[in-house]
Amino acid sequence: MAHGDFLKDIKGIRKKAREHLTSGAVTHNYGGRVEHAIKLLNHAVATEIVCVLRYKYHAVAATGISSEAVKAEFAQHAKEEEEHLDMLTERINQLGGKPDMNPEGLLSRAASQYVEGDNLIDMIKENLVAERVAIETYRDMIRYFADKDPTTRIMLEKILAQEEEHANDMHDLLVDHEGRPMLKK
Ligand SMILES: [Fe+2]
Ligand SMILES: [Fe+2]
């Protein structure tokens with residue numbers, strides 16, 4: 001865009017900014033459909049709530065002398081999943097949407113599952129599965145948002161990086177507690 005064009009454009013940008021104040025942070029050049037973005041983010045909200053609950057349950061239910069460190073790890077992850085939840089609901093609010101925190105139908109909106117597990121190994125495995133599901137869905141969402149909505153994309157990239165750490169932590173615990181090396185694929 002030539003310098004003159006940009007100046008011409010800035011008048012239009014200022015005019016539109018003044019006209020649509022009720023849209024808050026969502027401006028005219030928002031790249032995607034904002035309702036669709038909110039819907040996607042609300043799926044992630046449900047996923048995170050399920051992850052918070054599952055990790056919190058595991059943090060209490062894991063028993064045995066060897067599991068103190070594992071319990072602490074579960075509790076730490078629960079806290080971090082809650083931070084992800086807060087980031088998502090805050091962003092939904094900025095986009096003019098309503099976070100869906102309704103417990104009714106929560107599991108059907110979530111990508112992750114709530115599995116209690118009968119023993120420590122099962123718990124670790126279930127968390128690893130859930131992290132891998134979260135990684136896959138966040139990666140897809142990041143591709144969707146791309147340059148349509150960079151703020152949401154960057155937030156999702158931060159969450160994704162932490163889910164990858166979580167998966168790695170669960171994988172390491174599994175190796176420790178199963179006592180045999182597992183190849184990372
Ligand atoms: Fe998370
Ligand atoms: Fe996670």
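Atoms within each ligand, like the ligands themselves, are counted from 1 in listed order.
Around atom CD of Gln113, no more than 12 heavy atoms belonging to other residues, nucleotides or ligands sit under 6.0 Å away. Heavy atoms of other residues, nucleotides or ligands lying less than 6.0 angstrom from CD of Glu104 number 12 at most. The neighbour count for Gln94 CD, taken as heavy atoms of other residues, nucleotides or ligands under 6.0 Å away, is above 12.
In this model, no donor atom of one side chain and acceptor atom of the other lie less than 3.5 Å apart for Glu131 and His171. A side-chain donor-acceptor contact under 3.5 Å links Asn127 and Arg54.
Tally of protein N, O or S atoms closer to the Fe ion (ligand 1) than 2.8 Å: 5.
By the 30° and 60° cut-offs, the orientation of the rings of Tyr55 relative to His77 is perpendicular.
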